[in-house]
Amino acid sequence: MSTTAPPRPTGPGRRDFSRLLAPRSIAVLGGRWAERVVKRCLATGFRGNLWPVTPTRTEMCGLPTFPDLAALPAAPDAAFVAVNRHESVRVIGDLAAMGAGGAVCFASGFAETGPDGKALQDRLSAAAGPMPFLGPNCYGLINYIDNALLWPDEHGGAPLERGVALLLQSGNIACNVTMNRRSLPIAYVCAMGNQANVAMPDMIEALAETGRVTAIGLLMEGLGDPTRLSEATAAAHRLGVPVIALKAGRSAAGSDIAMTHTGSMAGSDDVMDLLLERIGIARVDNLAVYLEAMKLLHVFGPLPANRICTMSCSGGEALLVADAARHHDVQVADFTPEDHARIRPTLHDLVHLGNPFDYHTFDWGDRTRLEATFTAVMRSSFDMTALINDPPRRDRCDPADWDVATEAFAAAAATTGARAAVIATLGESIPELQGAALLARGIAPLIDIDAALAAIAIAAKAGRERPPYSPLGARATAGHDPDASGRPLDEPASKTALAEFGLPVPSSRVCRTQSEAVAAALDIGFPVALKVVGAEFLHKTEIGGVRLGLGDEASVRGSAADLLALSDRILVERMAPRPVAELIVGVNRDPIAGLVLLLGAGGVFAELLNDKTLLLLPTTREEISAGLARLRISRLLEGWRGGARGDTEAAIDAILAVARYAEANASSLVAIDVNPLMVLPEGRGALAVDAVVIHDREPTATRT
C-alpha cells in the first residue's frame, strides 16, 4: 500500500487537487455522519492524521476531538464537512481561509431544491474561493491507495497500489459499484453531488495526473459543459488514461425542435452518442458492461482494434459467442492460412479449426497439449484472445481439469505476450480470489459472454485521442433564449438564403394571381410545381398545398385557383428531373451539443424509414462523404441493381452549402430542413426542392 502522495500539478490558473486526492491529514466535522467517516478511515488503516472536530465531545472512536478548526495543529489536507447546510457555508469558508487542501460538503438542501437553495450554493462556492470541494449534496471521495475515506457509508473496496477511478453522480450507485465481486481494481470512487465547485472534468484531469489511475469511468445524469469535458478528456488521453461513460437517460424526450422532420429524427440520445464519441469518451449501456470494460482497460488499456478469437471446449459456447458477436462491434475473424498451418498440427484430427474455436475435449486435462494449442492460436494477430471457461463449484466438485485449462492458457499468454481474457458465462464461476489471481498474471477475468464482448468493443473505442472540441451554436455558449420557439422563413425565403451559400434550387417565382402563375410557368418552362407559400405552412403536403407535374396552362390555372384559396401567395417552380435518390439534409440545435447536421433518406419516407446519420458542426467534406456511405439509401447512389449512379459529389456540395449557412448563422439558427434534396444521375447535379429555415432572431450572415 502506497503512502506517498502523487506529484502536485503545476501551471498557471490550475487548482491543486493533490492534497484532497491523497491527504496526509483529514479533519472531520459534525456528529453522527462525521463519526462514520472516522470509523471508515480507522477500519481501512489510514496512516495519516485524523482530526475529529466537534464542540460537544472530547473523543470520537478513541481519538481526541478538537472544539473548532482554530484548535487544529495545522491546516488539514482534506476535510469532511457534515454539518447543516447553513453552517457548511461558514465552515467551508474557514477551511479555505486557513489553507486546507480541499473538502467534501455532505449537506443537501442546495441547488437541487430550487432558487433559494441555488442562492445558498452560490454563497458556498464564493466562500470556498480557489479551494476545491466536492458537493454539496455529496457522499464524498474514497481513496483505496492511501486508505483515505472521506465517505460516511458502507463500501466494499480494498487497499491496492493502482487501479481505476469511478466518478458518479449517484451516491447510492457509487456505494453499489464498490460492492461488486468482479475483481475490478478500484483506486478511487467519487460521488460528485451538485458539482458546485469541482465538476467531472476537473476530477478527470486531476486523477489522470496522479499516475495511479489506469482508466476513468463516468456515470453521468447530465453532460454539463461539453467544451470543458472535451479538454479534460483530451488531457487524460495524452497521459494514457482512457475515459468511458455510462450516460443515464436514454429514454429521455428527444430534440427540443420538433416542428421539422430533422427535429423529430435527431433525438437527443442519438446526439449524446455523437457528442461523446467526438469528445473521445466511449459510451456503455449498463453497469455490467461498464465494470467489465473498466476491468479490461485496467489490464490492457485501449485495444488497438476489435478483432477477437475465442476458444472453448464446447460447441454450445462457441455458438453463444457467435450469436453475441452479431450484436456487438467486434470482429470474430477467420484464421489465416498461416494460422492454420501453425495450429493444425497441435489438434486432434476430428477438431475443426474455426473462430469461435471449439477445441473439443480430446486433450482435456492435458496441460502440455492444451498449452501447445493455445500458444499456436495466440500467435495469431488478434487484438484479444479469450478462453471460455466456467470451473465447477469447488465445494461440491473437482475443478482440477478446468484449472489445467486456465493454467495452460495463462502460460500461452505469457509466452506469446498476447492480450488474454478468461470469460465465464456465469458470474459465480470466477470467484473474487480467482479473478484477482488472473489479474495478477495480466489476464482479464470477464463475466458473461454478452457483457464481455460489449466490453471488448468499448475498449477498442476508448482512449482514441481527439483534439478538444467546442460545440458550435450550443445555447449555453451562444446566448440563446431557451424558451424561444423559432421563427420560420417561408419556402422561397429559405431557399434564397441557402442558395446564397451554394445550395442548388430550381427556378421559381412567387405569384399572387392565376394570371401571374400562368405567366411564370410559361417563363420557367413546363412541367412545373405549385405550392402554397407562408411561414405557417411547414408541412404543405399534409394540407393539400402542393400540385406536381403540371404540364400546361389550364392545369396551372386550375391548381392556382385551388391553392390561392389556402394562401394569398403561391410558388411556381420548375419540376426537378426524376432523381436517383431523395435525401433529407437538416440542421438542428441541441442545447448541449450545439448544431447537429442530419443526413438521411428523404421525401415522404424520411421519418418512416428513419435511415439517418448525424454529424456535429463544423464538419468536413470527408465526414459528409463517410456519413452518406453509412446510410442504407447509399446503395441507390452507387447504382442499385443496374440503375444509374447518383451524382454523389454534387450532393456533398449541396450538403456543404447547408452546413456553411448553419455555421455562419450559428448564433441565431434553430433548425434547417431541406427535404427532399434530389440527387440526379451522375454528372447532372442535385436540387433542393423544398426547404425550411428557422431562426430565433433575425439572421445576419449572407453570402453571394
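Considering only heavy atoms from C-beta on, E432 stays 4.5 Å or farther from R182 through its side chain. Side-chain atoms of L141 and V189, non-hydrogen and from C-beta on, never get closer than 4.5 Å to each other. Counting only heavy atoms from C-beta outward, the side chains of I142 and C190 never approach each other to under 4.5 Å.
A distance of 8.0 Å separates CG in L438 from OG in S183, rounded to the nearest 0.5 Å. The distance from atom CG of L350 to atom NE2 of H352, rounded to the nearest 0.5 Å, is 13.0 Å.
In this structure, R40 is not positioned above the aromatic face of W151 in the sense of NZ or CZ being under 6.0 Å from the six-membered ring centre and within 45° of the axis.
Of the options R394, R367, Q434, a side chain to side chain donor-acceptor pair (under 3.5 Å) to D403 is made by R394 and by none of the others.
Using a cut-off of 4.0 Å between Lys/Arg side-chain N and Asp/Glu carboxylate O, E338 and R379 are scored as not salt-bridged. Using a cut-off of 4.0 Å between Lys/Arg side-chain N and Asp/Glu carboxylate O, E292 and K295 are scored as salt-bridged. A salt bridge is absent between E209 and R238: the closest approach of a Lys/Arg side-chain nitrogen to an acidic carboxylate oxygen does not fall below 4.0 angstrom. Looking at K612 and D270, a side-chain N of the basic residue comes within less than 4.0 Å of a carboxylate O on the acidic one, giving a salt bridge. Between R228 and E205, at least one side-chain nitrogen of the basic residue sits less than 4.0 Å from a carboxylate oxygen of the acidic one, meeting the salt-bridge criterion.
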| request: Begin from the C-alpha positions of F374 and F357 and carry the test ring-ring contact (aromatic ring centres under 6.0 Å, His included) through to its verdict. | output: CA-CA 11 Å; F374 295 164; F357 176 31; 8.2 Å; no
| Would L229 and L223 count as a side-chain contact (heavy atoms from CB on, under 4.5 Å) if you check the C-alpha gap in whole Å, the side-chain angles of each, and the deciding distance to 0.1 Å? | CA-CA 8 Å; L229 181 61; L223 193 62; 3.4 Å; yes
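For the pair A462 and P242, the tightest heavy-atom approach, listed with the atom from each and the gap, is CB-CB, 4.1 Å.
A donor-acceptor contact under 3.5 angstrom links the side chains of R342 and S380, judged on distance only.
In this structure, the side chain of D383 engages the main chain of R307 through a donor-acceptor pair within 3.5 Å. Checking side-chain atoms of T214 against main-chain N and O of G163 turns up a donor-acceptor pair under 3.5 Å. When atom types are taken as modelled, the side chain of Y290 and the backbone of G217 share a donor-acceptor pair closer than 3.5 angstrom.
Checked against the 6.0 Å centroid criterion, the rings of H155 and Y144 qualify as a close aromatic pair.
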